[in-house]
J.: 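Sending over a structure as structure tokens; questions will come in a sec.
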Number of protein chains: 2
Amino acid sequence: MSDTTATDGRVIGERALQTRRRILDATAALLREQGALDVKAMDVAREVGTSPATFYQYFADVEDAIFALALELPEKVAPIQTQFESDWSGPAGLDLARQAVSDYTDFWDENAAVLRVLLLRADERDERFRQVRRDYNAPFMTAMVAKVRSAQDVGRIAGAIDAEATAGAMLAALDRLPNYREGFEKRGTSREAMIETVARLLHSSLTGEPLS
Amino acid sequence: MSDTTATDGRVIGERALQTRRRILDATAALLREQGALDVKAMDVAREVGTSPATFYQYFADVEDAIFALALELPEKVAPIQTQFESDWSGPAGLDLARQAVSDYTDFWDENAAVLRVLLLRADERDERFRQVRRDYNAPFMTAMVAKVRSAQDVGRIAGAIDAEATAGAMLAALDRLPNYREGFEKRGTSREAMIETVARLLHSSLTGEPLS
DNA sequence: CTCCGGTTCTGACACTCCGTCAGATGGGTG
DNA sequence: CACCCATCTGACGGAGTGTCAGAACCGGAG
């Protein structure tokens with residue numbers, strides 16, 4: 001699975017790799033411009049300046065191309081995931097949380113179109129998208145669950161709290177709020193205020209330290 | 001706008017209303033079964049046992065039909081929204097929060113397919129879906145923002161916290177977690193544990209009372 | 001330089017779906 | 001029963017889908 005292949009299973013060479021890449025880039029661009037429901041294989045082919053048949057040489061359909069884009073996300077997000085692994089206790093921890101939330105928000109802004117399809121198809125129970133969502137989420141979840149558990153160990157967070165659910169709720173906030181930012185800004189909540197607040201919620205919910 | 005019309009603007013009668021309804025129900029069913037990217041106008045027509053032309057008499061395309069389904073959500077969710085308006089302070093408040101979270105989760109389970117498209121298209125900046133999302137969200141947001149503000153007034157929550165962002169984060173948790181439930185259950189977190197935890201997070205974040 | 005063999009690309013096609021119309025259908029009313 | 005108007009649909013031109021067989025391309029080998 002580590003070699004990239006054509007739809008017939010053939011391992012592809014340098015020239016083909018470049019074509020495949022141009023198709024992926026065009027798919028990402030159209031996804032951003034037109035939304036997930038409107039991207040046609042033929043649009044992508046036109047955009048790349050190639051024949052539709054070429055598109056089908058590399059991807060079974062548009063969803064398959066978006067899936068390939070989604071496969072690239074876990075790797076891209078890895079540096080941010082490590083930020084969630086450091087110790088967030090104490091006031092310095094709040095700074096770390098701020099940075100992490102800010103970076104994650106930036107990441108969302110850059111990859112929103114693909115992330116939305118990834119989440120949508122995973123929510124719709126498509127197994128392969130679910131697998132990618134797991135790969136994508138797992139490091140965040142593991143890191144955040146560990147924070148909650150260790151706060152529970154020292155009695156800072158009640159045992160009745162479920163660590164997984166807490167981590168999931170925080171990830172939910174991180175994943176949906178970038179989509180609301182524009183609305184927030186219209187009503188006077190700046191990006192910074194949003195990040196500050198979410199960072200505090202994360203910090204408090206994960207470490208059990210008071211919401212200062 | 002209060003009368004339901006055909007695509008040519010004509011106000012429609014009883015028989016047509018029933019046809020329209022059957023089309024909407026079939027759309028909802030296919031949406032649940034196949035996911036948003038795969039529903040074709042022709043599939044819907046086949047499902048209803050009618051000609052495709054009939055579909056286009058009532059809806060411009062599949063998205064338009066889903067939009068009509070989304071329009072029905074704000075009304076359906078109203079009873080749950082009022083639960084967010086009561087006073088959640090004190091331990092009795094936690095009970096109210098539990099009930100609200102539980103009901104909202106049920107609502108999501110029943111309307112997941114349409115909700116997902118509503119959020120997706122609104123996130124993709126489609127203006128009419130945005131409008132519906134606003135109508136849908138506003139009562140939740142208003143109620144939750146008010147809770148945070150009044151907690152801030154009595155000094156329970158710091159002024160550096162943004163009330164809108166807090167409410168948004170909680171709504172985010174409510175909107176995404178139902179989609180993760182299956183995964184949670186596989187890893188040992190029951191629906192009840194999830195609801196309990198989210199209820200506590202909401203209660204604590206919105207009232208400023210400690211995460212007990 | 002030219003020819004060769006494998007790789008990559010595409011024209012052409014059959015099929016399905018889209019979206020529109022003019023006209024057929026049907027059920028309520030006098 | 002006959003009419004009328006709301007409703008439905010057959011039929012069509014156009015666009016997108018997906019598949020081939022063969023054309024174009026490219027990097028050696030001679």
J.: What's the CD-C1' distance between A:Q18 and D:dC26, to the nearest Å?
T.: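 After rounding, the gap between these two atoms is 13 Å.
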
J.: Taking CD1 from A:I23 and C1' from C:dC9, how many angstroms apart are they, rounded to a whole number?
T.: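 That distance rounds to 10 Å.
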
J.: Return the value, rounded to whole Å, for the distance between atom CG of A:D61 and atom P of C:dT16.
T.: 17 Å

J.: C:dT20, OP1 or OP2 - any side-chain N/O from B:Y56 closer than 4.0 Å?
T.: no

J.: So is B:R176 actually on top of B:Y180's ring, under 6.0 Å and inside 45° of the axis?
T.: yes

J.: Measuring from the side chain of A:K40 (C-beta onward, heavy atoms only), which nucleotide among C:dT7, D:dG16, D:dC8 has the closest atom?
T.: D:dG16

J.: Please pick, from D:dT7, D:dC26, C:dT10, the nucleotide with the shortest atom-to-atom distance to any side-chain atom of B:R15.
T.: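 Among D:dT7, D:dC26, C:dT10, the one nearest the side chain of B:R15 is D:dT7.
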
J.: Take atom CZ of A:F59 and atom C1' of C:dC9, then tell me their distance rounded to the nearest Å.
T.: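 Computing the A:F59:CZ to C:dC9:C1' distance gives 15 Å.
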
J.: Any side-chain N or O of B:R10 under 4.0 Å from OP1/OP2 of D:dT7?
T.: yes

J.: Is it possible for you to check whether A:R128 lies under 6.0 Å from the centre of the six-membered ring of A:F67, through NZ or CZ, and within 45° of that ring's axis?
T.: yes

J.: Base, sugar-phosphate, or nothing: which does B:R46 touch, judged by heavy atoms less than 4.0 Å apart?
T.: sugar-phosphate

J.: Might you point out which heavy atoms bring A:E164 and A:V145 nearest each other, and give the distance in Å?
T.: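 For A:E164 and A:V145, the tightest heavy-atom pair comes out as CA-CG2, 3.9 Å.
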
J.: Quick one: on DNA chain D, does A:M42 or B:S51 contact a more 5' nucleotide (nearest heavy atom)?
T.: B:S51

J.: Between A:T50 and C:dT10, is there a side-chain N or O to OP1/OP2 distance below 4.0 Å?
T.: yes

J.: Can you tell me if the side-chain N/O atoms of A:T54 get under 4.0 Å from OP1 or OP2 in C:dT10?
T.: yes

J.: Over all heavy atoms of both residues, which pair between A:I157 and A:L206 is shortest? Give the atoms and the distance, please.
T.: CD1-O, 3.8 Å

J.: Using a 4.0 Å heavy-atom cut-off across all strands, classify B:A16 as base, sugar-phosphate, or nothing.
T.: sugar-phosphate

J.: Can you tell me the distance, in whole Å, between the CD1 atom of A:I12 and the C1' atom of C:dC9?
T.: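 Computing the A:I12:CD1 to C:dC9:C1' distance gives 13 Å.
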
J.: Let me know the distance between CD of B:Q34 and C1' of C:dC17, rounded to the nearest Å.
T.: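 Roughly 14 Å, once rounded to whole Å.
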
J.: Establish, with yes or no, whether the OP1 or OP2 oxygen of D:dT7 is under 4.0 angstrom from a side-chain nitrogen or oxygen of B:Y58.
T.: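 The answer is no; no side-chain N or O of B:Y58 sits under 4.0 Å from OP1 or OP2.
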
J.: Rounded to whole angstrom units, what separation is found between the CD atom of B:E14 and the P atom of D:dC8?
T.: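 Result: 12 Å.
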
J.: With the side chain of B:Q57 defined as its heavy atoms from C-beta on, choose the nearest nucleotide among C:dC18, D:dT7, C:dT10.
T.: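 Ranking C:dC18, D:dT7, C:dT10 by closest atom to the B:Q57 side chain puts D:dT7 first.
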
J.: Should we say atom CD of B:E127 is surrounded by more than 12 heavy atoms from elsewhere, each under 6.0 Å from it?
T.: yes

J.: For the pair made of CG in B:D8 and C1' in C:dA22, what is the distance, rounded to whole Å?
T.: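 Value for this atom pair: 14 Å.
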
J.: Using a heavy-atom cut-off of under 4.0 Å over every strand shown, decide if B:A41 touches base, sugar-phosphate, or nothing.
T.: sugar-phosphate

